[in-house]
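Have a look at the structure below, then the notes.
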Amino acid sequence: MDIPLFDCNATLGLLRGKPAEACGTVETLLAEMDRLNISSALVWHSHALQTHPEDGNRELIEELGQGQGQGQEQEQGCRLHPVWTLLPDTGGDVPPLCETLTEMHAAGARTARIFPKAMKWSTAEWCSGPFFSQLEERRISVQIPIGEIGFDALHELLKAHPELPVVLCSIGYRENRILFPLLQQHPNLYLDLGPRNSVHNLIPYFCSKFGAGRLLFSTGWPHHEAGAGITYLMYAGISDEAKRQIGFENLNGLLEAVQW
Amino acid sequence: MVGVAEKNSIAHRARRGEPLADVFVVDAHGHIGHWADLPLLYADAESVIEEMDRIRIDWFCFSSIEAATGLNFTLGNNNAVQAVKKYPDRFFGYIVLYPYHPDGVMAEIERCEKAGLRGLKIHNVHGASYLAEAYRPGFEHADRNGWPVLAHTWDEKSVKEIRALAEEFKNANWILGHSGAQIYKPYVEIARACPNAWLELCCSLTPNRLVERMVNDVGADRILYGSDMNFISAAQQIGRVALADISEDDKRKILGENAKGIFKL
């Protein structure tokens with residue numbers, strides 16, 4: 001069965017420490033998606049992490065726009081979806097979030113990514129409560145690599161903002177003894193099904209414990225082998241309906257749930 | 001290259017999650033068992049067989065985790081023997097060696113060989129060098145019998161040690177586990193220098209296009225598919241080959257044709 005796939009984690013640009021060939025471009029991403037029959041992808045830009053969110057977000061939109069101008073991919077606007085890297089305005093170096101959200105909306109971005117550790121801010125309520133409340137009000141999902149927050153802070157965030165969908169990224173199978181209780185307690189926690197958590201039979205186990213509605217198909221392109229993410233899902237011992245949810249519908253549903 | 005759009009190609013079927021029915025598939029690096037270090041969700045042989053059937057993996061070449069990383073050698077090797085007895089047409093068992101055993105390695109090899117295991121697995125989790133004197137009787141036995149020896153490799157030191165062994169024990173087949181996962185060049189060098197050295201692929205977190213690069217540098221004839229199941233998902237690992245941007249023939253070699261002679265299947 002041809003199950004459509006919506007990748008929740010692709011990166012444009014070059015991440016620090018990665019070889020030059022791991023620099024993601026719109027052209028190479030679309031070629032890989034075509035080769036592997038991946039319908040859509042969420043993309044964020046490495047410069048948003050390594051330079052500044054404002055620079056990275058701007059470059060992301062420019063690159064997506066230039067890609068659209070290449071002609072061949074008329075439907076590209078529907079295939080590549082920008083992920084807005086956000087930073088609270090607590091340091092005085094970015095506009096208030098309401099302004100950023102207006103800009104994000106105008107750019108067609110419906111999901112965000114944050115890097116609290118790298119950008120040295122706290123997700124605690126006393127520091128960033130209003131920031132998360134604004135995202136929660138609009139049901140804007142937030143991608144967070146586990147190394148950027150830690151489990152205790154994540155637990156507090158999920159508890160304080162139960163309507164904020166949080167997509168946990170880059171979590172390895174060695175941490176599942178801590179992850180599973182979090183999933184049990186917080187229905188607003190979703191899991192990016194990236195290569196780090198590829199333990200044998202995770203997907204059927206997850207579906208039996210937490211349902212198929214909180215797993216998101218992920219490749220980790222261009223840093224990891226996208227084919228692995230595809231067969232991880234497609235050969236999983238779950239129903240085709242569950243595969244369809246994980247492969248496409250869960251992520252699409254998160255984007256469609258946004259209330260501007 | 002044959003892509004996912006080519007009906008009945010390996011890529012086409014893998015993209016759809018269909019069994020690779022006419023492809024001879026050998027998983028050269030597997031396990032059964034559990035380990036305190038991390039939660040393995042399914043430790044039993046049955047869950048492995050179910051996964052093999054979904055993908056249509058013909059043979060699973062494995063060792064016990066209890067022995068390989070848990071250092072409980074007798075229990076672990078016994079578990080491997082039981083699994084091979086239960087699935088003699090699907091399971092090929094490696095004997096895990098413990099170089100610090102006061103009686104040496106041969107007693108365990110002889111015991112397990114009689115029970116049906118026909119290869120060696122070595123791991124350096126206990127800190128011993130693969131060049132330790134205590135291993136030598138086992139490697140001589142593998143050499144006399146043309147056995148496969150699967151070594152956990154990760155860094156330059158481990159690859160260098162296996163290269164020395166492959167150059168000395170030329171009749172044994174030396175399988176380098178996790179090839180290319182952390183370092184790359186030493187694997188290319190050993191594959192080019194030693195015709196009895198094989199690059200096995202399993203690893204959860206590998207650089208993009210590793211398989212394509214390896215095929216280009218050493219040829220598909222020198223590469224083996226392995227999953228690390230029941231640590232890592234065989235379903236996930238097979239996509240690295242089945243959906244790689246390489247030829248259909250190269251995929252067949254890596255997935256199982258190369259392993260036929262090594263494991264005498």
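This one's a predicted model, so the numbers in the text were calculated from it and none came from an experiment.
- Tested against A:Asp2, the residues B:Arg16, B:His12, B:Arg15 include a single side chain to side chain donor-acceptor pair (under 3.5 Å) partner, B:Arg16.
- Atom CG of A:Leu36 is separated from atom CG of B:Leu243 by 5.5 Å, given to the nearest 0.5 angstrom.
- For B:His34, the NE2 atom is loosely surrounded, since the number of other residues' heavy atoms within 6.0 Å does not exceed 12.
- Under the 4.5 Å side-chain criterion, counting only non-hydrogen atoms from C-beta, A:Pro195 is not in contact with B:Ser204.
- Counting heavy-atom pairs closer than 4.5 Å to chain B, the top residue among A:Gly227, A:Ser198, A:Gly172 is A:Ser198.
- For residues 227-237 of chain B, heavy-atom neighbours of chain A at less than 4.5 Å comprise B:Met229, B:Asn230, B:Phe231, B:Ile232, B:Ser233, B:Ala235, B:Gln236, sorted by residue number.
- Summarising the geometry, atom CD belonging to A:Glu175 is positioned 11.0 Å from atom CG belonging to B:Leu38; distances are rounded to the nearest 0.5 Å.
- With a 4.5 Å cut-off on side-chain heavy atoms, A:Glu225 and B:Leu210 count as touching.
- Side-chain polar atoms of A:His224 and B:Thr206 form no donor-acceptor pair below 3.5 angstrom.
- Between the side chain of B:Arg54 and the main chain of A:Tyr235, a donor-acceptor pair closer than 3.5 Å is present.
- Heavy-atom distances place both the backbone and the side chain of B:Val211 under 4.5 Å from chain A.
- The candidate with the highest count of non-hydrogen atom pairs below 4.5 Å against chain B, out of A:Val199, A:Thr219, A:Thr231, is A:Thr231.
- For a residue to count as touching a neighbouring chain, one of its non-hydrogen atoms must lie under 4.5 Å from one of that chain's; by this rule B:Glu18 touches chain A with backbone and side chain alike.
- Between A:Asn176 and B:Pro39, the shortest heavy-atom distance links the atoms CB-CG, 3.8 Å.
- Annotation: B:Glu156, atom CD; neighbour count of heavy atoms from other residues, nucleotides and ligands within 6.0 Å does not exceed 12.
- Contacts with chain A were tallied for B:Asp37, B:Val241, B:Asp245; B:Asp245 has the most, counting heavy-atom pairs under 4.5 Å.
- With a 4.5 Å cut-off on non-hydrogen atoms, A:Leu233 does not touch chain B at all.
- Considering only heavy-atom pairs separated by less than 4.5 Å from chain B, the leading option among A:Leu5, A:Asn197, A:Leu202 is A:Leu5.
- Note that CG of B:Leu40 is 11.0 Å distant from CG of A:Asn201, once rounded to the nearest 0.5 Å.
- By number of non-hydrogen pairs under 4.5 angstrom with chain B, the leading residue of A:Arg196, A:His223, A:Met234, A:Arg177 is A:Arg177.
- With chain A as partner, the option from B:Glu51, B:Glu212, B:Arg209 having the largest number of non-hydrogen pairs under 4.5 angstrom is B:Glu51.
- With a 4.5 Å cut-off on non-hydrogen atoms, B:Ala244 touches chain A through its backbone but not through its side chain.
- Taking CD1 from B:Ile238 and CD1 from A:Ile230, the interatomic distance works out to 14.0 Å, rounded to the nearest 0.5 Å.
- Distance check: A:Ile203 CD1 to B:Leu41 CG gives 11.5 Å after rounding to the nearest 0.5 Å.
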